[in-house]
Amino acid sequence: MKLLLLHLLVIINIFYDAVLGNKNIAHQESQPNKTNRRVKRAWVWNQITTLEEQTNIPYLIGTLHSTKLHNDAEYILQGEYANTLFKVKENTGDIYGYEKLDREVKAQYNLTALLVDTKTRKTLEPPEMFSIRLIDINDNAPAFTKESYNASVPEMSARDVSVTTVTAVDPDDPTVAGHAKVIYKILQGFEHFKINEITGEIYTQTSYLDREQKASYEVIVQAKDSPGLSGGFSSTATVIIHLSDINDNFPTFTKKQYIFNVSEDLRVGEVVGKISVEDIDEPQNRNAKFHFMKGRYEQWFQIKNNAQTNEGIIILKKPLNYESSDNVFRMSIEVADPSIDLRVAKQHRPSSTAEIVINVLDVDEPPEFSSPYYVFKVKEDEKQKSIGFVSATDPDSPKRSVWYSAKVSKDDPIVVTKDGSIYIKSLDRETNAWHNLTVTAEELGSPTKKASSVNVYVNVLDVNDNAPEFAEPYAPRVCENTANGLAIFTISATDKDEMVPGMKFTYKLAEKENNFTVVDNNDNTANIIVKNGAFNRDVAKFYFLPIVISDNGEPSQSSTNTLTITVCKCNEEGEFTFCEEALKSASVSASTIIIILCSLAFILLCVLVAFLILRRMRDNGPLMLVKNPAEIHEQLVTYDEEGGGEMDTNGYDVSVLNSVRRNMVRSKPDMEAYPSLYAQVQKPARNGDMFSMIEAKKDDADNDGECLPYDTLHIFGYEGSESNVESLSSLDSGSSDSEIDYDVLNEWGPRFKMLADLYGLEHIEEFPY
Ligand SMILES: *[C@@H]1O[C@H](CO)[C@@H](O)[C@H](O)[C@H]1NC(C)=O
Ligand SMILES: *[C@@H]1O[C@H](CO)[C@@H](O)[C@H](O)[C@H]1NC(C)=O
Ligand SMILES: *[C@@H]1O[C@H](CO)[C@@H](O)[C@H](O)[C@H]1NC(C)=O
Ligand SMILES: CC(=O)N[C@H]1CO[C@H](CO)[C@@H](O)[C@@H]1O
């Protein structure tokens, strides 16, 4: 049958070639002479055709023909595949094919024919180019460009929506009718899809394909050639058509009721629970929007949508309380999808409401104070009383009793009792105007021991309990001869109490005074005015003006402040030329002097102890006795340096010392003249023998087991005229031959003023006592 077909095709081909005027293979039968003459050459062909896919090898393809052929001539082939695929019979010119040829591989072969003399090997004719052309037979099926195609179309599309296009190509000769013409057809899936048989474009055949029912379809398309003819070849390809999702399904609740248990201490803004719904669309096409049906609970809860998870999240808006009546909430919730395409939505709107039940659970909560903070105001003069209380209650149903505590130190003026009362001991606004503390409340017997705390502010209110005083330590100066009535100075005052507007200070002299007056300026200041300006520095260098300053508080407070006015030397212009160092403070307190003297006495004591120990050691060895006088003298001078340390520790009387010094300044020291000064010390007989006297004293000291023999000091303070050492007396220390410069004390400021005056000789007489 196939062979028959082949023959038929050959016949058709021959006919075809003849009609187009191609040169016939069987040109042996035509008139060769005529042709030869016209073209003036012997070759009579230039194209030979043959069918592809011939299998009876060798097969005749065609015949070369030259008029110059004779017995000693032969044909020779040259060119593509000459003498391999194509061979020529030398004497006849018949060309045979020796292999099966495929037009779809190579459709034409170009060759050259030669006619040569067998003896001379000379070409008898010029070489002639010719070609062997293969005639197509339909031996190929159309081939799809891909083995399988992926395509997609939105679900719920209408009819005749283009999905994709498939293409198949037939390699056979398209110029031969039907060999390469392709017709498409759907073999599988034609219920839902159709194809344009010429273009290969696939369309939807039915509308409303639902992705949620079937997401993809496998369509098999066929491509076939030789339409309308029997036979022909075909091939198939698979087209997978995916339905792409659209938002065409409503979200639905999976339960009729959602129950949430939340503890009452859930904080505002936290999540009560999450509600998930079912939506069979793909996630990007879900858009559940939840809302509560109108109701009372709206002030407590709020619902938010989570687009990612398609959930509704219930969030607390207002604090919950198990103990209140609002401890169970029931509400209806609705879900909708506003972006759904209602034209294609295939379902009726499903029931989209559910019930939410929120149970508030009890937790043990800390006590609650009645106020977020407490402020108490109390006058500073109030003492030992309760100023108020704080209170807290257990919000839970056991209603446990509450006790209170505060972290205060022992000397804190405020005490918080267990029952919440706040007591004050005594308060001073000038020390602390506020007492801020934290009070903690705890439930008695609470298993969780929860506590809460509150701030308590105690504001101490001012009471006029401080007297006004000078605003600063004034040191006014005045010239020796000042005109009467001159205001030399203005004073003002301060008060430690709260300075309220309308506060007024008044100034007056404490006692009658002839030399100055104080004039109140009625603006909280006062002027010092000279009354009797004939000041004489020889009479007095300082004036002490006691001034009473009072405030107008309730009750009024006043104090006496002494102003020290220094009288200075002045030139004619009234400028000060010489002033004593102003006494800033009116007096050095007696206690300061005592402290200074006690410390001096202590230092002296230490030195004495050391000195006596040294002495004893010296007595123990005979070598010590022969210490040279200069050395001893040096040690005694060291003692002398301690100044007024005359061991009169009970009631040191400066005036006694002073008078002694004064006398000593006036006359050269004559120790004999003052025996009474050391009368309390029992002295050994003054026989003039210093050595034996020391011996006697040493024995005294050795036999006194009770204490260190420091009282022997006085012996050395009065050694007599025969001593081979110089005077030990510190009374000498103020004399001009002392090498110590006590003027340094003047530079140490007012605290050392007294000492400076004691030791600075030039001031002694002027010291105003
Ligand atoms: C077709 O699509 C599927 C998934 O969409 C993929 O796994 C497959 O590789 C695709 N095939 C082709 C030929 O593109
Ligand atoms: C909520 O609490 C009740 C009892 O109070 C319990 O029966 C129920 O299982 C709880 N529900 C949840 C979701 O915890
Ligand atoms: C106490 O609290 C008051 C009022 O808040 C504030 O003005 C004051 O500075 C506080 N005092 C102390 C010592 O914290
Ligand atoms: C300190 C003092 O009072 N000085 C003189 C003030 O004036 C009278 C005379 O009015 C004198 O007697 C005081 O010595």
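In listed order, ligands and their atoms are each counted from 1.
Lys304 contributes no side-chain N or O that, together with a main-chain N or O of Glu311, makes up a donor-acceptor pair within less than 3.5 Å.
Among all protein heavy atoms, the one lying closest to atom 14 (O) of ligand 2 is Asn261 ND2, 3.1 Å. For atom 5 (O) of ligand 3, the closest heavy atom belonging to the protein is Tyr457 CE2, 3.7 Å. The protein heavy-atom contact nearest to atom 13 (C) of ligand 2 is Ile259 O, 3.9 Å. Taking atom 8 (C) of ligand 3 as the reference point, the nearest protein heavy-atom neighbour is Asn436 ND2, 3.7 Å.
Remark: aromatic rings of Phe489 and Tyr474 are close, center separation under 6.0 Å.
Within 6.0 Å of the NZ atom in Lys214, the count of heavy atoms belonging to other residues, nucleotides or ligands exceeds 12.
By the side-chain contact (heavy atoms from CB on, under 4.5 Å) test, Ala215 is found to be paired with Arg211, residues two or more places apart in sequence or in another chain being considered.
Distance screen at 4.0 Å: atom 11 (N) of ligand 3 has a protein heavy-atom neighbour inside the cut-off.
Look at Lys399 and Asp394 and you find no salt bridge, because none of the NZ, NE, NH1 or NH2 atoms lies under 4.0 Å from a carboxylate O.
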